[in-house]
Amino acid sequence: MRRFFSIALLTLGLALSCACGGGRTPPGEPSNEDLIVVGMCQVGAESDWRVANSESMKAVFTEENGYRLLFDVARQKQENQISAVRKFIQQQVDYIVLMPISESGWDSVLQEAKEAGIPVILVDRMVNVEDESLYAAHVGSDFRAEGGLAVAWMEETFQGAEDPVRVIHVQGTPGSTAQLGRTAALEEAVEAHGNWELLAQLDGDFTQAKTYEVMTEYLSSLPGKGDVDVVYCENDNIAFGALQALEEQGCVCGEQGVRIITFDATRGALTECLRGKIALAVECNPLLGPLVEEAIQTMEAGGTPEKHRYVEEQIFTSESLTEALIESREY
Ligand code: AHR
């Protein structure tokens with residue numbers, strides 16, 4: 001590890017642990033000098049997906065694997081993320097791994113990282129910057145393609161329907177790549193289908209609590225609740241909040257009622273899908289730790305990682321699911 005001993009706090013911690021443990025690195029294990037320091041800036045813990053994503057990172061970036069991980073959780077605030085990146089720059093970490101909450105507002109701080117010679121790897125969502133050299137690589141999902149999978153399923157399900165297809169759309173954090181991509185797919189499809197009607201677009205901020213609140217408020221004053229055909233939920237936690245609100249308001253969810261579409265396909269959502277309460281779960285794979293490590297190892301070896309690496313994803317319906325399959329999934 002090149003810059004490790006210039007990190008004042010870590011050095012102090014190290015000195016203390018040496019003093020207490022009399023510690024020398026056991027033979028065969030990497031010494032602290034060899035560790036690659038990764039400053040990681042996570043969005044928060046707003047969803048089950050996010051928790052699985054953090055676990056995937058922590059499982060890979062361990063001391064046994066040769067890393068010192070500095071893990072920051074921004075509590076869903078971009079200003080906290082920007083402060084964390086600045087702190088990592090001051091600490092002269094080897095790499096910055098950033099899961100950006102939203103796409104805009106990153107030019108200055110990423111320029112600072114570039115000037116400090118610290119490669120930035122974007123994970124999950126993207127940033128909207130003029131200069132692509134401000135980040136070394138991006139690893140994540142193609143959110144527009146995920147939306148396309150959901151829309152294709154809707155087209156097949158409502159094929160030939162002459163009656164209006166009424167859709168409530170509950171969105172994720174405004175301005176995040178996941179929200180922008182999934183929203184774009186639905187909005188384009190609504191434009192293209194004369195009988196698809198967008199009843200409302202609500203902000204669920206990717207959380208169950210906020211969605212429950214906004215859906216309850218909306219449904220309470222909606223005449224003809226029984227006529228809702230689809231609730232397009234931009235993640236699983238939104239789907240959980242929507243399901244709870246719909247059922248409390250007397251709506252039936254499932255093939256004979258409201259079709260809930262969700263993104264992520266975590267175990268909880270797949271279980272609801274198998275029970276028939278959620279009609280479609282589009283996978284969004286949070287297990288990105290190994291791919292981030294590959295990018296870092298490529299750079300360690302003097303190479304250039306792929307600029308954008310997208311993970312493959314699939315869809316699930318009750319017909320394609322079994323309990324054993326849900327059990328076998330890692331998140
Ligand atoms: O950016 C990925 C999205 O963010 C996931 O769909 C969601 O669950 C998370 O909070």
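Start at 1 and go down the list; that is how both ligands and their atoms are numbered. These figures come from a predicted structure and were not determined experimentally.
- When each of W49, Y232, F143, F316 is paired with F263, the ring-ring contact (aromatic ring centres under 6.0 Å, His included) condition holds for Y232 and for no other.
- At a 3.5 angstrom cut-off on N or O pairs, E234 does not count as close to ligand 1.
- Aromatic rings from Y95 and Y67 are positioned such that their centres are separated by 6.0 Å or more.
- Between D229 and R259, none of the side-chain N atoms (NZ, or NE/NH1/NH2) sits under 4.0 Å from a carboxylate O, so this pair counts as no salt bridge.
- Between W49 and ligand 1, no N or O atom pair is found at a separation short of 3.5 Å.
- Counting atoms of ligand 1 from 1 in the listed order, those under 4.0 Å from a heavy atom of R50 are 1 (O), 4 (O), 9 (C), 10 (O).
- Below 4.0 Å from some heavy atom of A178 lie the following atoms of ligand 1, by number and element: 1 (O).
- The cationic group of K277 does not satisfy the cation-pi geometry with F240, failing either the under 6.0 Å distance to the six-membered ring centre or the 45° limit from the ring axis.
- Here is the list of ligand 1 atoms found below 4.0 Å of a heavy atom in D124: 1 (O), 2 (C).
- If you look at F263 next to ligand 1, there are no close heavy atoms at all, none under 4.0 Å.
- The nearest protein atom to atom 5 (C) of ligand 1, hydrogens excluded, is given as D264 OD1, 3.3 Å; this is a heavy-atom distance.
- Side-chain atoms of R182 and R144, non-hydrogen and from C-beta on, never get closer than 4.5 Å to each other.
- Figure legend: cation-pi geometry between R86 and F88 absent, as NZ or CZ is not positioned both under 6.0 Å from the six-membered ring centre and within 45° of its axis.
- Those atoms of ligand 1 that come under 4.0 Å of a heavy atom in S47, given as number and element, are 7 (C), 8 (O), 9 (C), 10 (O).
- A distance of 6.0 Å or more separates the ring centres of F158 and H193.
- Those atoms of ligand 1 that come under 4.0 Å of a heavy atom in R182, given as number and element, are 6 (O).
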